[in-house]
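Just below is one structure, and these are the notes that go with it.
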4 protein chains.
Amino acid sequence: MAGASGYTGGELLRYLLGHPQVEIKSVLANSQAGSKLTTLFPNLKGFLDLTLETADWEQLSQDNDLVFLCLPHGTSQEPVSILIKNGCKVVDLGADFRLQSPDLYESTYGAEHLFPELLEQAAYGLPELNRDKIKNANLVANPGCYPTASTLALLPILSKGPLAQPPIIDAKSGVSGAGRGAKVDSLYCEVNENFRAYAVGTHRHQPEIEQNVGQPVMFTPHLVPMTRGILATVYVGLPTDGLLEHYQEFYSREPFVEVLTDSLPSTKSVGGTNFCKLAVKAAGHPDYTIVISAIDNLGKGAAGTAVHNMNLMFGLPETTGLQAPGLFP
Amino acid sequence: MAGASGYTGGELLRYLLGHPQVEIKSVLANSQAGSKLTTLFPNLKGFLDLTLETADWEQLSQDNDLVFLCLPHGTSQEPVSILIKNGCKVVDLGADFRLQSPDLYESTYGAEHLFPELLEQAAYGLPELNRDKIKNANLVANPGCYPTASTLALLPILSKGPLAQPPIIDAKSGVSGAGRGAKVDSLYCEVNENFRAYAVGTHRHQPEIEQNVGQPVMFTPHLVPMTRGILATVYVGLPTDGLLEHYQEFYSREPFVEVLTDSLPSTKSVGGTNFCKLAVKAAGHPDYTIVISAIDNLGKGAAGTAVHNMNLMFGLPETTGLQAPGLFP
Amino acid sequence: MAGASGYTGGELLRYLLGHPQVEIKSVLANSQAGSKLTTLFPNLKGFLDLTLETADWEQLSQDNDLVFLCLPHGTSQEPVSILIKNGCKVVDLGADFRLQSPDLYESTYGAEHLFPELLEQAAYGLPELNRDKIKNANLVANPGCYPTASTLALLPILSKGPLAQPPIIDAKSGVSGAGRGAKVDSLYCEVNENFRAYAVGTHRHQPEIEQNVGQPVMFTPHLVPMTRGILATVYVGLPTDGLLEHYQEFYSREPFVEVLTDSLPSTKSVGGTNFCKLAVKAAGHPDYTIVISAIDNLGKGAAGTAVHNMNLMFGLPETTGLQAPGLFP
Amino acid sequence: MAGASGYTGGELLRYLLGHPQVEIKSVLANSQAGSKLTTLFPNLKGFLDLTLETADWEQLSQDNDLVFLCLPHGTSQEPVSILIKNGCKVVDLGADFRLQSPDLYESTYGAEHLFPELLEQAAYGLPELNRDKIKNANLVANPGCYPTASTLALLPILSKGPLAQPPIIDAKSGVSGAGRGAKVDSLYCEVNENFRAYAVGTHRHQPEIEQNVGQPVMFTPHLVPMTRGILATVYVGLPTDGLLEHYQEFYSREPFVEVLTDSLPSTKSVGGTNFCKLAVKAAGHPDYTIVISAIDNLGKGAAGTAVHNMNLMFGLPETTGLQAPGLFP
């Protein structure tokens, strides 16, 4: 696994340790090569005593059936091309293969995509949206955290056709979504007791959401003083009648999506898990409905779905390694 | 001051201690009568060494020019009737005199209003909305915290006439808004690492907001794991062109509302103060604008405005006692 | 399991769900009888859909091989007497059977012990101290959270004989240690940004620690603004030479105690687990050594050890159900 | 003021804005020169609209009666030499002039002191310890945060002569003590839900404490998941009899130290202020006493004392600008 020094990488290792069919061969992180993994993740002490290495992509593609990449956008493309060429499957948790259009990639991430032909091969890895394609893919682009919470909130509606008004997605995330980089904005003292919006109208996850739902959306991300969790409050211009039943039916066979009927989602109730919890509520106005969606940004929003995708790619039972309840409190 | 054992009462005392024209005669709290105030508010030790008393409203109305009430809804009406009858001014920080229609009060708070004739006398105490009426009032109904943040976000728009679509107010509050009562839902372990919506479509502040803005709204409150602050993200169906300039002009003479042009509001930037900070932003969709509003729910959302109202009622400079910057970090 | 509505009860259920040899027959909580368990523990939704019941101890003793009790002190004695009489094993996570002397129980908890003859039967359930007795016991008194962290820090030293000076145990706990009761002192707004000592020189865990270590100690508990975790910093009047090696040797066969050599313990590194991490450090003074001990108060300090004790009582491998790594971050 | 981009600098500006005799002429921060101050400190918006500048020490010494320095250790020495030479008074909030012995400075900070002759001129700026010297000094070395809390806890005892056993100082600090630098260890996700000790036996504040108290101490710092505050729990080998009264008498004329008799200190009760609160408690052992000391590390532990020192240096009433109560909650 590559990019093992960040929060997503560490969470993925935690899931993989509980997966009975997985053997972790190596952990890579160029910037921290030579460090013990457990220096970065003391929770893994006694479970995985590996040392971080630099990446040799040719060698990796020979030693592994699948490689997970947790790399910054722009840096996955070259490694993916080598791994795929050599017949190694890839789940890329970064952003490089999420947008199917090379032009949209370029306008969103500010650089030309180096391997547009690989974009065509990549399956967008949201199982509830794309299960069959994922099963047959060698390259899966794991979704962004906000797009996961947002798309699952809207998917049942959009199967009925586009909405007249753009859905409004007011999304709130814990700080682990900003990664483990040493940035002043992520310091404890800047975040604690501080709730704020950011990247209003300009966040890179907006085009990904629009690609998933097939229509324009409004999307406002906010930073919450907590470590894990995303809660998206989604306003749609539809009456509420019958919607709850439709959501229940739509997700009735999904192992990781639960439509609540007697409570509201909360980030703590999904922390440390691969579950998405949804509620469908009247909005106090007859023409609108509110859909609330909660996930763990590091779980269902990243590492959990990566394991789910691996299970699909290898024909394993979908819930393997993903079945433990989270902590409360 | 009555209701001095709660968070709003304590914050009001803190402001009043810094007000050069105020003498605090007594602090009342039936449930805690006999306790030293500084047991409940250790920050006031050395500043206000009073003991909490039970209320004798007749006596109070003789000893004071003004009484502040920080009482649960339903319990201010009788005290207000006595105080006003005896010529004592009142700023009521509770909910009993905020809704001008007795019917709306009854349907919202579940009990008949006992003094509908006093409802008519009461001035709704949002200075930016109602300054002249407050100046001449003997009874001022201090606004709710969510209605303050929401109304200030919408006021400049509504002076232009009602919106075709109801504004969507996605509001987030720190836990002090739930008061100092011993409730499981307010325990540290329930709130920490837990972001969630509550009272979706049923919150009692919604009718108050609609009264202020003169049209239906959608309003969704959320609980943030932090002590102080409200941030409201408001979606309005208007193009952004010229709106920022309109907001700046509209609030140019208001001492406690600032329209930001080069940053976004955050709760920490207004913590411990009577300021409201606003931003007017394009929403990523040409037909909509996002207005973001931040206040301290205990400051501009309660105690700060109460002092502002007192200043107006007594003809004092409006900013007296309200001018200190907040803490950062 | 009885007392299932509190934090310890919920955490124990989470562990038991991951234990392959356990079937949870019923969950009891008199105060919440009739409620669904998942209303109190939303993390268990989909895993354990039981309704809380009132206790019928006679019936329970027939239906179960073992009953866990998570009850307030003073309320376990009668239930234990019934369960034990009927041949049902008990792990009592409360305080009623921890102190072996009835007199010490009475002076510490302010009431006479009703079943002193059961006190004699009870095994004190710290496996590292008392493994053999636990294996053969029908009644195990699960240790307190502070005594667990403190005793494990001192055990290797005390095997060498009493210390000339009393060890100083400066202990810090997250708020979940105060339970799920609705108390003002446990409210988010009281705890957040507030670090303080409490019960200085009077905490009920001090006699339990002294019983374990066989000599007087000084013990100062503090409250940390966090949900889970205890860190105890223990000062002992011994030179550091050779101590680290002694600790490593002493705990070399213990599956849940780790002596760190290249880092310091932290509460996050043991959160959600049954591990205790220790460090043995020079104190900056030649005559003293500092031992630092970290546990999860709900894990190794309560529910994890309860499962460990159950494993011992039934001859199961000790680590069954206790082997998952915790979360980071 | 120099070093205005960090937390101490911002807090000092907040205090100075409330000081009636101070005019802030310029704010300096080489790394952020050209930025608006209010970008870094949004709480100061509307109060101090200055732009950060690079330092010209010659010019500064002509334009100001006093310069505050909030610079990293090793970088104050040259500026101080210029400012003092030109007759400008200095309060140095950094570490460069706290240790009176050049050798101790070198062994502690790993570099030779460039101006040992200035060390002799510098007054150590703890008013309770050194009031008279501060009044006559041109250069005041503001104490470290831990040394402030620790020394105030021990000062009344040490006036009676050295203790036979070294006092044990178990100290806990909020994260703002680590500064505003972009470090992984200070990230929200690393600190939240994480209590830990650090720098055990090696912290640079230990020699400073020992210099103040005149004997060896043991000192263990810990990191608390909160923004502000230090609480030091100090164990001294003295019986408790009469000590409380001695502390009360010792500090009876100090405006910023309060000895509590009916409660325990907490960090929140001193947050945002220049107060130190102390308690003197029996330790559960007849030969020992526990002294607990709470300050705001940015207030009494840094910026508040800097203002106090300025007041002393200019013959102003000591409490000028330092009299507002803090927030609760």
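Please read these numbers as outputs of a predicted model, since none were measured by experiment. Lettering follows sequence order; numbering is per chain, from 1.
Against chain D, the residues from residues 170-181 of chain A that qualify, each with a non-hydrogen atom under 4.5 angstrom away, are A:Val175, A:Ser176, A:Arg180, A:Gly181 in number order. At a heavy-atom cut-off of under 4.5 Å, chain D is reached by A:Glu190, A:Val191, A:Asn192 from residues 190-198 of chain A, listed in order of number. Against chain A, no residue from residues 34-52 of chain D qualifies, as none has a non-hydrogen atom under 4.5 angstrom away.
Shown here for A:Thr227 and D:Cys189, the closest heavy-atom pair between the two residues is CG2-SG, 3.8 Å.
Listed by chain and number, the residues in a ring-ring contact (aromatic ring centres under 6.0 Å, His included) with D:Phe68 amount to none (sequence neighbours excluded).
Looking only at side-chain heavy atoms (C-beta outward), A:Tyr188 and D:Leu223 stay at 4.5 Å or farther from each other.
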